[in-house]
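Note that these values count all heavy atoms, side chains included, but never hydrogens, waters or copies made by symmetry. First listed ligand is number 1; within each ligand, the first listed atom is number 1. Residue indices begin at 1 and follow the sequence shown.
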Amino acid sequence: MPVSDEWFVPTELEFSSIHVRAKTEWVHLLLGDGSLTFGHGEITSTQLARDVSPVVARLANRLRGKRLSADTDVITLNGLTTEQLETDRILATAVSGLRCAVADALAQRAELPLVDYLRALHDHEGTAERDVQLYANINRSMLADDDGFVDRSPDSFAEMAQRAMEAGFTTAKCAPFDEARAPFKSSGLPREAENGLDRVRAAKAVIGPDRALLVDCHSRFDLDSALALAPELLEAGAGWYEEPVNTLDQTDVLRKIRDRAELPVAGAERGYGIALFTKLMEEDVLDVVMPDVKFCGGPVEAYLIGRELEARWERSVSMHCPSGPLSLLASAHATAAFDNKLPLEHAVYEVDWRHEVLEPFELIENGYFVLPDGYGLGGRVDPVAVAMRGRSWTE
Ligand SMILES: [Mg+2]
């Protein structure tokens, strides 16, 4: 039977969250058929004011008791348009989480790991790698902990980068400009950026010339300051220039920055759907697009984006993944399925019990994510971890 003939009838919906540190909570949904099949999705939404779970519950009501045979049934049964999904990020997050859960369940019904299900669904020949190269994003380890303590000195950035290199990663990423914010009082390189450059130089000194340091600017600049910063970052050895301005709100400004900057420009972590990511590449806005499995439409959409864009622009897709282990698991399946050329993001050293959230434990070896053997995602959020560190609820 072709994998596209598999089906799944959801009848149950449950949510769970895990307290991570400070304001961070990892939030998950679980879609069940009342017997043995459960699909999972992560709907963590650190930048959103409103909780996503009521929106998930509303959309899931339209799926209840229906025979689903594709993750996109979430969209069609709710009558949603691409325009709605491109412009409403809470909706996009809810849809992405549900599409992930449905794909997880359908892959289980097909008795295939998600990576193989994705390829079988789209006649993709050959076998995908089981180990997915990661890069170590040290940002989240440099945010305040539950006691409000944080050391953001250049030495502290260097120490975290060193720790990642010792663990086997060959690429790290930092966000050194979080204290800066456009508009700036003077033209040229803003003074607020100097401290960030010191952090980049300190981290790059321990990473060395043969390994890469990516720099995320969290959209804190404008055209003038971003153009002044680009040559400084190049000189400091940065490997890419991520979102000096917001890709989706300031597309034309970012195109000008990319046109003049001599290092690759990356972004679009909040984008939804293959049409949008393709347009950003066709219109020369970015060198690297960063679909996030929690916002972009889920693992099937991420796979399609990666497959299509890497075929047209080699080394143009690196999935954004700063959240919990469930979204990293889904991202690793999608990334392996499209035969990635660039590493996948992993937020390291946020909490030391992170691997225990999943059953089986999240496995990262020498800078690589090791995909589990089970069907579907091959992992689930452990109810014991939820009982110890969070809560579960139904809407
Ligand atoms: Mg980013």
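- Counting just the N/O/S atoms of Asp216, the one with the shortest distance to the Mg ion (ligand 1) is named OD2.
- Ring geometry for Tyr303 against His122 counts as tilted: the plane angle lies between 30° and 60°, on a 0 to 90° scale.
- Because its NZ or CZ atom is not both nearer than 6.0 Å to the ring centre of Phe184 and within 45° of the ring axis, Arg191 does not count as a cation-pi partner of that residue.
- Nearest N, O or S atom of Glu242 to the Mg ion (ligand 1): atom OE2.
- Between Tyr135 and Trp240, the angle of the ring planes goes over 60°, which puts this pair in the perpendicular group of the 30/60° scheme.
- Note on Glu269: its N/O/S atom closest to the Mg ion (ligand 1) is OE1.
- For the residue pair Glu86/Thr82, the side-chain donor-acceptor check at 3.5 Å is not satisfied.
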